[in-house]
Amino acid sequence: MSDRILVTSALPYANGHIHLGHLVEYLMTDIWARSQRASGRRCVYVCADDTHGTSIMIRARQERRSELELIAEMSAAHQRDFAAFHIRFDHYGSTHSEANRAACARTWEALRAGGYVRTQEVTQLFDPVEGVFLADRFVQGTCPRCGATQQWGDSCEKCLSTYTPMELVDPVSTLSGAQPVVRSAHHLLVEVERLHGFLDTWVRADGTLQPEIANYLTGFFLSGPLRDWDVSRPAPYFGFEIPDSPGDYWYVWFDAPLGYIGATAEWCERHGESLEDWWRSASTRIVHVIGKDIVYFHTLFWPAMLHVAGWSLPSRVQVHGFLTVNGEKMSKSRGTFVLARTYLEAGLDPTHLRYYYATKLGPRADDLDLDLDDFVARVNADLVGKLVNLASRTARFVTGQALPATYPEDGGLFAEGAAAHDEIVAAYEAFDFARVTRLVMGLADRANEWVARTEPWALAKDPARRDELVAACAVALSVYRQLVVYLSPILPELAGKTAALLGRPIERLAEATEPLVGVTVAPFERLLDRVDAKRVAAMIEASRASLPGSPPPADPPGPARETPAPIDEPVAPTCSIEDFERLDLRVARVTAAAAVAGAKKLVELTLDVGAAGTRTVFAGIKGSYPPERLVGRLVIVVANLAPRAMRFGTSEGMVVAAGPPGKADERQVFLLAPDDGAAPGLRVR
RNA sequence: GGCGAGGUAGCUCAGUCGGUUAGAGCACGCGCUUCAUAAGCGCGGUGUCGCCGGUUCAAGUCCGGCCCUCGCUACCA
């Protein structure tokens with residue numbers, strides 16, 4: 001076993017506030033770190049704000065203040081939210097720190113020295129108004145393949161084709177609305193492929209990655225050559241200038257993971273430790289906790305960089321899934337996109353969320369569902385009905401009393417709990433917190449049964465049986481404390497209150513094997529409140545209310561569909577009437593419609609376009625419009641769209657529909673139709 | 001299409017190395033209790049363990065095939 005453990009969570013981006021989805025990761029890491037410490041290991045938990053990149057720069061400009069002011073404010077907000085959920089970092093830094101700059105420089109020198117860096121001219125779109133190069137996600141335009149408008153710079157959400165932003169028709173900068181120009185600049189790239197062999201081995205190392213993650217990497221990225229990684233961005237860019245390449249800045253994903261090292265360096269500085277011991281020593285285990293969205297940054301580029309620069313490699317990268325709420329992706333329109341602060345402001349207890357997440361967190365990267373009804377029922381039943389109840393139903397009988405100096409006979413109850421110690425420690429180590437809570441609640445059930453059989457309240461009525469009463473309470477309170485000790489990494493606040501009630505601190509999981517003797521019981525105070533379902537409802541309402549308002553449209557007829565979230569979609573740049581007339585839109589009648597076998601969303605339509613003949617058109621609308629409902633209705637079709645060969649056949653046009661931009665939920669598509677009286681073949685003008 | 005994960009009671013899930021009659025919690029019903037935050041205890045019912053086949057003395061568990069759900073990824077207007 002290593003002398004030291006360093007554990008990290010991914011660095012939250014300084015462009016947004018912490019929400020319940022973020023908290024999965026930080027709570028998971030905090031619980032693990034606390035459990036390691038409670039097992040007697042030295043474990044340091046560091047994190048930091050991720051502060052660089054174009055988004056921060058642009059946002060600061062829009063808010064007419066400096067980036068430094070913006071990131072300072074966000075860092076304070078993040079740390080306040082984390083602290084409120086009892087997430088305790090040993091150090092919380094920032095990627096915009098001198099320590100991180102030094103870590104970047106040191107790593108960069110090693111990459112240079114190893115000959116891994118090459119220069120290449122990269123042609124990109126450039127926003128002449130803002131004066132910045134535009135990443136794919138800052139450009140919108142018309143898809144060069146299918147003509148869909150307002151598509152992002154890298155791929156079309158409609159036809160799912162991929163391309164470069166330069167290929168977009170009528171591109172627009174989403175930053176300024178200006179038309180971008182093509183401009184080239186030199187970039188610095190890291191030749192990751194040269195480390196392919198190393199990565200193959202590292203990814204497969206036992207215990208480093210969850211098997212399904214290793215398998216995914218091996219089969220997906222490592223099955224072919226790795227592309228060179230572009231790690232520089234030309235000025236202006238909010239970040240660190242590359243020392244040996246003036247005017248170039250490290251890409252945010254280069255310096256962000258190095259923030260782990262930078263933050264550790266700051267912690268070392270403050271505590272008289274040596275960074276070499278923590279990041280260049282085999283006696284430190286490094287554990288990263290991340291979400292499944294950033295797996296490849298942490299399992300390909302990151303180990304490659306560390307390897308070249310002689311830093312320690314993570315001994316474990318623990319990947320978790322995403323949070324869903326009531327079984328669905330978090331949604332602003334449903335009010336399930338809940339900020340950490342909103343949860344707190346609704347008067348809900350962070351302890352409850354910590355417990356609920358723990359009951360759902362296992363060692364695998366599965367998504368975790370916050371079912372709000374289940375949340376209320378589970379927390380109230382487990383924490384209040386079972387656990388805290390053990391104390392509240394007995395402590396009052398012995399207020400101010402000293403418990404016996406020797407532990408009374410309990411029929412093996414305490415010993416049974418003590419026997420679970422090793423299993424519980426192992427479950428914590430494996431990030432299997434669901435197992436921890438299951439085991440502990442099983443023990444709590446048995447303890448409540450014991451109390452019911454022993455009937456301390458009956459003993460209390462007979463002064464002659466005073467000793468028996470005290471003994472019974474000593475058992476119940478010992479077992480109560482035992483279970484709280486086991487849960488203390490998950491429920492630190494309850495552990496603290498329990499320590500005060502029973503006059504003994506809770507620090508180690510091993511204390512669960514020692515019964516409570518000789519202590520004086522303090523006056524009972526409420527240890528935990530129940531979850532109030534009304535507050536949960538208020539939280540959802542508040543989350544919904546914080547949206548830019550817009551009354552939801554009435555549900556159109558048809559299958560169950562979703563009211564689209566109000567989307568702030570910018571209006572496309574001005575076009576002339578001539579531009580418009582290039583599009584030949586015609587009324588058409590659907591004469592046949594069939595779902596396309598093998599496609600998720602496609603419906604194959606046969607259209608009568610009057611004099612323009614009959615067309616076969618594929619439309620991705622199955623989620624909103626089952627084929628049988630389409631036959632006979634009128635639609636609008638782009639009649640002069642270039643035919644498009646698809647796997648399922650050739651599409652001779654496109655049916656026009658309204659819908660949100662981006663990754664459209666297929667239930668959010670609305671076909672356009674002419675009023676009654678229009679005939680197939682009529683042109684729209 | 002590829003990869004991954006799943007399908008066990010109304011709901012959420014556990015189920016070790018194949019081994020007795022398949023379990024827990026929630027919910028529900030009845031009874032008890034009234035110490036406790038409308039808490040607790042006892043009793044009770046439902047299961048084609050997704051489907052089909054195979055291995056075996058024995059399959060929820062192992063093997064093969066299939067169906068369905070979810071996630072990631074690709075193709076596709």
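In what follows, every chain begins at residue 1, and chains take the letters A, B, ... in the order their sequences are listed.
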**Student:** Take the protein atom NZ of A/Lys386 and the nucleotide atom C1' of B/rC41, then report the distance between them rounded to whole Å.
**Tutor:**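 From A/Lys386 NZ to B/rC41 C1': 13 Å.
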**Student:** Counting side-chain heavy atoms from CB outward, which of B/rU12, B/rA36, B/rA5 is closest to A/Ser392?
**Tutor:**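 Of the options given, the side chain of A/Ser392 lies nearest B/rA36.
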**Student:** Pick out which of A/Val684, A/Val609, A/Val656, A/Val587 makes a side-chain contact (heavy atoms from CB on, under 4.5 Å) with A/Val637.
**Tutor:**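 The passing option is A/Val609.
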**Student:** Starting from C1' on B/rU34, measure out to CG on A/Asn448 and report it in whole angstrom.
**Tutor:**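 It is 14 Å, rounded to the nearest whole Å.
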**Student:** For B/rA39, which nucleotide in any strand shown is its Watson-Crick or wobble partner with both distances under 3.5 Å?
**Tutor:**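 The base-pairing partner of B/rA39, which may sit in any strand shown, does not exist here.
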**Student:** For B/rG45, give its Watson-Crick or G-U wobble partner with both distances under 3.5 Å, or none.
**Tutor:**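 Pairing partner, where one exists within any strand: none, as none qualifies.
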**Student:** For B/rA22 versus B/rU48, give the span between their P atoms, rounded off to a whole number of Å.
**Tutor:**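 Those two atoms are separated by 13 Å.
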**Student:** Could you give the CD-to-P distance, from A/Glu455 to B/rG40, as a whole number of Å?
**Tutor:**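 Going from A/Glu455 (CD) to B/rG40 (P), I get 17 Å.
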**Student:** Find the partner of B/rC70: check Watson-Crick (N1-N3 plus N6-O4 or O6-N4) and G-U wobble (N1-O2, O6-N3) distances, both under 3.5 Å, and reply none if neither fits.
**Tutor:**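 Pair assignment: B/rC70 / B/rG4.
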**Student:** A/Arg435 near the nucleic acid: base, sugar-phosphate alone, or nothing, with a heavy-atom cut-off under 4.0 Å?
**Tutor:**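 Contact class for A/Arg435: none.
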**Student:** With the side chain of A/Arg396 defined as its heavy atoms from C-beta on, choose the nearest nucleotide among B/rC35, B/rC41, B/rU37.
**Tutor:**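 Nearest listed nucleotide: B/rU37.
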**Student:** Using a heavy-atom cut-off of 4.0 Å across all strands, would you classify A/Val388 as base, sugar-phosphate, or nothing?
**Tutor:**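 Here A/Val388 touches the bases of the nucleic acid.
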**Student:** Indicate, with a heavy-atom threshold strictly under 4.0 Å, whether A/Asp445 touches base, sugar-phosphate, or nothing.
**Tutor:**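 Since only primed, P, OP1 and OP2 atoms lie under 4.0 Å of A/Asp445, the category is sugar-phosphate.
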**Student:** Select one nucleotide: of B/rA5, B/rC13, B/rU33, the one nearest the side-chain heavy atoms of A/Arg364.
**Tutor:**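 Minimum distance to the A/Arg364 side chain belongs to B/rA5.
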**Student:** For A/Leu390, which contact category applies under a 4.0 Å heavy-atom criterion: base, sugar-phosphate, or nothing?
**Tutor:**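 Nothing: the residue A/Leu390, judged by heavy atoms under 4.0 Å, touches no strand.
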**Student:** If the P atom of B/rG6 is compared with that of B/rC62, how far apart are they to the nearest Å?
**Tutor:**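 Pairwise P distance, B/rG6 against B/rC62, rounds to 11 Å.
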**Student:** I'd like the C1' distance from B/rU61 over to B/rU16, given in whole Å.
**Tutor:**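 The answer is 10 Å between these two C1' atoms.
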**Student:** Pick the P atom in B/rC57 and in B/rG18, then give their distance to the nearest Å.
**Tutor:**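 The answer is 16 Å between these two P atoms.
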**Student:** Does the side chain of A/Ser392 reach to within under 4.5 Å of the side chain of A/Leu527, using non-hydrogen atoms?
**Tutor:**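 Contact flag for A/Ser392/A/Leu527 side chains = no.
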**Student:** Touch check for A/Arg438, heavy atoms < 4.0 angstrom, all strands: base, sugar-phosphate only, or nothing?
**Tutor:**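 Counting heavy atoms under 4.0 Å across all strands, the contact made by A/Arg438 is with sugar-phosphate only.
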**Student:** Is A/Arg316 paired with A/Glu429 through a side-chain N to carboxylate O contact shorter than 4.0 Å?
**Tutor:**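 Counted as a salt bridge, because a side-chain N and a carboxylate O are separated by less than 4.0 Å.
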**Student:** Looking at B/rA39, I'd like to know if its phosphate oxygens (OP1 or OP2) sit under 4.0 Å from a side-chain N or O belonging to A/Arg530.
**Tutor:**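 Yes, within the criterion.
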**Student:** I want to confirm an ordering. Mapping A/Lys292 and A/Arg526 to their closest nucleotides on RNA chain B, which one lands closer to the 5' end?
**Tutor:**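 Nearer the 5' end of the strand: A/Arg526.
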**Student:** Round to a whole Å and report the spacing from CD1 of A/Ile213 to P of B/rC3.
**Tutor:**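 Taking CD1 of A/Ile213 and P of B/rC3, I get 16 Å after rounding.
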**Student:** Under 3.5 Å for both donor-acceptor distances, Watson-Crick or wobble: does B/rA58 have a partner, and if so which one?
**Tutor:**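 In the structure as shown, B/rA58 has no Watson-Crick or wobble partner.
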**Student:** For the residue pair A/Leu23 and A/Arg354, establish whether any side-chain heavy-atom pair is separated by less than 4.5 Å.
**Tutor:**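 A/Leu23 vs A/Arg354: side chains apart.
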**Student:** Remember a base hit wins even if backbone is also touched, and classify A/Leu527 as base, sugar-phosphate or nothing at under 4.0 Å, heavy atoms.
**Tutor:**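 Touches a base.
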**Student:** Over how many whole Å does the gap from A/Leu528 atom CG to B/rA36 atom P extend?
**Tutor:**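 From A/Leu528 CG to B/rA36 P: 18 Å.
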**Student:** Go ahead and name the base partner of B/rC75; Watson-Crick or wobble counts if both distances stay under 3.5 Å, otherwise write none.
**Tutor:**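 Paired with no nucleotide.
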**Student:** To the nearest Å, how far apart are A/Leu477 CG and B/rC35 C1'?
**Tutor:**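 Nearest whole value for this atom pair: 12 Å.
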**Student:** Would you say the side-chain atoms of A/Tyr480 and A/Thr498 include a donor-acceptor pair closer than 3.5 Å?
**Tutor:**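 Looking only at side-chain atoms, A/Thr498 and A/Tyr480 do form a donor-acceptor pair, the distance falling under 3.5 Å.
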**Student:** Measure CZ/A/Phe322 against C1'/B/rU73 and give the value in whole Å, please.
**Tutor:**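 The distance from CZ of A/Phe322 to C1' of B/rU73 comes to 13 Å, rounded to the nearest Å.
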**Student:** Send over the distance from A/Tyr216 OH to B/rG4 P, rounded to a whole Å.
**Tutor:**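 Rounding to the nearest Å, OH of A/Tyr216 and P of B/rG4 are 13 Å apart.
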**Student:** Is any N or O donor-acceptor pair between the side chain of A/Asp366 and the base of B/rA5 shorter than 3.5 Å?
**Tutor:**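 Result: no qualifying N/O pair found.
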**Student:** Tell me which of A/Phe220 and A/Arg393 sits closer to the 5' end of RNA chain B, going by the nucleotide each one is nearest to.
**Tutor:**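 Its nucleotide being nearer the 5' end, the pick is A/Arg393.
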**Student:** Expressed as a whole number of Å, how far does the C1' atom of B/rA59 sit from that of B/rC52?
**Tutor:**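 Straight-line distance between the two C1' atoms is 15 Å.
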**Student:** Searching all strands shown, indicate the nucleotide that pairs with B/rG23 (Watson-Crick or G-U wobble; both distances under 3.5 Å).
**Tutor:**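 Base partner found: B/rC13.
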**Student:** Heavy atoms from C-beta onward define the side chain here; which of B/rG4, B/rG71, B/rG40 lies closest to that of A/Asp367?
**Tutor:**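 Minimum distance to the A/Asp367 side chain belongs to B/rG71.
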**Student:** Is a salt bridge present between A/Asp369 and A/Lys360, judged by a nitrogen-to-oxygen distance below 4.0 Å?
**Tutor:**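 Here A/Asp369 does not pair with A/Lys360 in a salt bridge, since their nearest N and O are not under 4.0 Å apart.
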**Student:** Under a 3.5 Å limit for both distances, which nucleotide forms a Watson-Crick or G-U wobble pair with B/rU34, could you say?
**Tutor:**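 By the stated definition (distances under 3.5 Å), nothing pairs with B/rU34.
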